[in-house]
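Only one structure is covered here, and it is reproduced in the block below.
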Amino acid sequence: MKPILETKNLTIQFGGLKAVDSVDLSVYPGQLVGLIGPNGAGKTTVFNLLTSVYKPTSGQVFFNGEDTQDLKPFELARKGIARTFQNIRLFKELSVLENVLVASTAQVDYSMWGACVRSAHFLSQEKKLEEFGLKLLQIFNLETKAHHLAGSLPYGEQRKLEIVRALATGPKLICLDEPAAGLNHQETHDLMLTVAKIRKDFNLAVLLIEHDMKLVMGICERIFVLDHGVKICEGTAREVQSSPKVIEAYLGPQEDT
């Protein structure tokens, strides 16, 4: 099986600082993969490189075997990479359902003229999109708030809505940047069970940044660890937990006794 996502010597430099340095990653279809590391390790910068928000100083990103160097973020989204953000980025003055529908537009085939005159084909497509959006909201128990303003939702539900909106693009790979940030333990547990479920139901690959180590170790099949922009470890949860480099990155050098 070939990776759906692969990086080779991925590097980005801001002035004299290498924020990401020669990182090799691979994610295979259907996998749930963790990307962890201490604060400032470069995790979100990697996400920005994977989704063409940043362009690498050197190295390459491949999605389904295609070099993404010349692709813009919206073009990558149409090819099948969706993401959420560390800081919530919803259209807060639109309704919950409208936020989902905005992300679904790549799945319609009516013309601009058809939309202007509200043709039968346009109305049919819009009805299907609305039904699809409500089904996605139902997965996260948000369907009863479909017509509420997105900005009026509690913080935890706004986090969920971001994932729903990413799903609405029809991705093959979804990158989740700290989806459980700000949630309590039970909310985090429930959200991760849902993430595991949508991975299976939608046949998705998932790349996850998360600081809750118990959660990451419990659901991720493989884990990559960054420290100061460098990949220091890759493996199963057990391999990562027992790695001296990982222990040092999180706890500092251990003095001999």
Give the minimum heavy-atom separation between [X] and [Y], together with the two atoms involved.
X	Y	value
Leu129	Ser104	CD2-CB, 3.7 Å
Ala150	Phe91	CB-O, 3.7 Å
Pro171	Ala166	CD-O, 3.6 Å
Leu32	Ala196	CD1-CA, 4.4 Å
Ala249	Pro38	O-CG, 3.5 Å

Who pairs with Ala181 by side-chain contact (heavy atoms from CB on, under 4.5 Å), at least two apart in sequence or on another chain?
Tyr155, Arg159, Glu178
What's the spacing between [X] [atom1] and [Y] [atom2] if we round to 0.5 Å?
X	Y	atom1	atom2	value
Lys43	Gln86	NZ	CD	8.0 Å
Ile232	Leu226	CD1	CG	8.0 Å
Ser22	Leu10	OG	CG	9.0 Å
Gln31	Leu173	CD	CG	10.5 Å
Leu208	Ile219	CG	CD1	5.5 Å
Lys92	Leu94	NZ	CG	12.5 Å

Does [X] belong to the same Ile/Leu/Val/Met/Phe/Trp/Tyr cluster as [Y], with side-chain heavy atoms less than 4.5 Å apart forming each link?
X	Y	answer
Phe224	Ile247	no
Ile174	Leu49	no
Leu35	Phe85	no
Ile163	Ile81	no
Ile209	Leu215	no

Around atom NE2 of His211, are there more than 12 heavy atoms of other residues, nucleotides or ligands at under 6.0 Å?
yes
Quick check: are there more than 12 heavy atoms from other residues, nucleotides or ligands sitting under 6.0 Å from CD of Glu131?
yes
Between Leu25 and the options Lys231, Glu6, Glu234, the side chain to side chain contact (heavy atoms under 4.5 Å, CB included) test singles out Lys231
Note: with side-chain heavy atoms under 4.5 Å as the link, the other cluster members for Tyr28 come out as Met1
Side chain [X], main chain [Y], donor-acceptor under 3.5 Å:
X	Y	result
Asn99	Ser95	yes
Ser152	His148	no
Thr57	Gln13	yes
Ser52	Asn48	no
Arg199	Gly30	yes
Thr7	Val23	yes
Thr84	Glu162	no
Lys55	Gln69	yes
Ser243	Glu239	no
Arg222	Ser26	yes

Side chain to side chain, [X] and [Y], heavy atoms closer than 4.5 Å:
X	Y	result
Ile4	Pro29	yes
Val100	Leu167	no
Met217	Ile223	yes
Val206	Val33	no
Val61	Asp67	no
Arg165	Val102	no

Under 6.0 Å between ring centres, would you say that holds for Tyr54 and Phe14?
yes
Taking only Lys NZ, Arg NE, NH1 and NH2, and the carboxylate oxygens of Asp or Glu, determine whether Lys79 and Glu66 approach each other closer than 4.0 Å.
yes
Ion pair present between Glu130 and Lys135, side-chain N to carboxylate O less than 4.0 angstrom?
no
Between Asp212 and Thr188, does a side chain to side chain donor-acceptor pair (under 3.5 Å) hold up when you go through it step by step?
CA-CA 9 Å; Asp212 187 326; Thr188 297; 5.0 Å; no
Looking only at side chains, do Thr44 and Asp177 share a donor and an acceptor under 3.5 Å apart?
yes
Just to verify, what does Asp21 make a salt bridge (charged side-chain N to carboxylate O under 4.0 Å, His left out) with, not counting sequence neighbours?
Lys18
